[in-house]
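Numbers here are sequence positions counted from 1. Just so you know, ligand 1 is whichever comes first in the structure, and atom 1 is the first atom listed for that ligand.
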Amino acid sequence: MVKSHQIVITGASGFVARNLRKYLSEKNIKLISISRNDFKQFKNELKIISINYDEKILLPKIQNSDAIIHLIGIGTQSIKTDYDLVNVEFTKHIVNLSKKAKINKFIFTSGLGVSPNTSLGYFISKYKAERLIVNSGLNYTIFRPSYIVGKDDLFTKYLKKQIKKGKIEIPGSGTYTIQPIYINDVVKVFLQSVLQTKFRNKIIDLVGPDYITFEQYVKLFSKGTKTSIKKINLEDVYHTAITDSKSDFGVDDLNILIASFKGNHNKLRKITKMKFQSVIELLKSGRLL
Ligand SMILES: NC(=O)c1ccc[n+]([C@@H]2O[C@H](COP(=O)([O-])OP(=O)(O)OC[C@H]3O[C@@H](n4cnc5c(N)ncnc54)[C@H](OP(=O)(O)O)[C@@H]3O)[C@@H](O)[C@H]2O)c1
């Protein structure tokens, strides 16, 4: 299928990128994958390791690719790295590179809840990145994902670790909701957005069919294991998040969780004509464990 396509992927060793590269490679798409770190190559894949995504190194290699899927992003800040640097300035750099390399299709993952009215630093940076892309003149598709789940995302790994210890801690009441989407569906949507013109210049929520409270999610995830679930005072969790940049939940993870954002799944279903995996069913099947 679609043998002649060539796609550039940034942030290649991240969770979404790893799963996407595997899927695209299996579809015989030619890949140019860029990361700061070494990583295992898939079939049909050119590996580029570059810390600063240096134009001189990258430009000759990515020239005239069909699309770029820009997956670099951070969701927590520290004194070493901040939203402006990574989410905004790096996106500006990649947009400029794409223009110079004459790559006309730009795909970006923003965040569910991003809007011109937001007051959250993380969303402000994603919003600014979105505007850079929209105003670039490139053909773009911007996705605003809720929580993307798979076997190897950070949160799933965190829950598995907690299960081994026999106790999962929930920040606050756990009654806030998420609208998770399965990574195996996400990678299919990305390929469609490269191949089909109907995705041109669209901003689309990347959300699954179910809303589920955080507590329900954790209960279903740990079903059948001998794990106790403990609710932790939200103020204490925030205090840890504010004072330790390596805490399990970052300040903005908590902000986003308790905001209970809801996205438009119907729009995604209509444009993709896909049947999406119910994450509730996925959890019940135990396939994420
Ligand atoms: N996963 C979700 O549920 C979710 C939800 C909403 C939005 N998103 C967005 O989707 C994108 C991919 O998410 P993900 O879950 O795959 O995240 P991830 O696993 O953290 O991957 C992000 C990648 O960004 C690159 N990166 C981070 N800091 C960088 C820096 N200073 N310079 C250059 N590259 C840097 C890294 O790539 P290398 O290590 O390969 O260099 C990293 O692996 C991100 O933009 C994220 O904000 C994800």
Does some non-hydrogen atom of the protein lie less than 4.0 angstrom from atom 17 (O) of ligand 1? no
Side chains of Gln192 and Thr272: donor-acceptor distance under 3.5 Å anywhere? no
Which of the numbered atoms in ligand 1 are below 4.0 angstrom from a heavy atom of Ser13? 38 (P), 39 (O), 40 (O), 43 (O)
Can you tell me if Asp153 has a non-hydrogen atom under 4.0 Å from ligand 1? no
If the contact criterion is a heavy-atom separation under 4.0 Å, does Lys126 count as touching ligand 1? yes
Have Thr141 and Lys105 got a donor and an acceptor in their side chains that come within less than 3.5 Å? yes
Any chance the side chains of Tyr238 and Asn255 put a donor and an acceptor closer than 3.5 Å? yes
Backbone, side chain, both or neither: what part of Val86 comes under 4.0 angstrom of ligand 1, heavy atoms only? side chain
Please work out whether any backbone atom (N, CA, C, O) or any side-chain heavy atom from C-beta onward of Phe90 is under 4.0 Å from ligand 1, and answer side chain, backbone, both or neither. side chain
Pair Ser25-Glu45, side-chain donor/acceptor within less than 3.5 Å: no
Mind checking whether Ala12 contacts ligand 1 via backbone (N, CA, C, O), side chain (CB onward), both or neither, at a 4.0 Å heavy-atom cut-off? backbone
Under-4.0 Å heavy-atom contact with ligand 1, by part of Ile74 that carries it: side chain
Parallel, tilted or perpendicular: rings of Phe276 and His265 (30°, 60°): perpendicular
Taking the six-membered ring of Tyr23 as reference, does the NZ or CZ atom of Lys188 fall below 6.0 Å from its centre and within a 45° cone about the axis? no
Which segment of Tyr122 sits under 4.0 Å of ligand 1 when only heavy atoms are counted: side chain
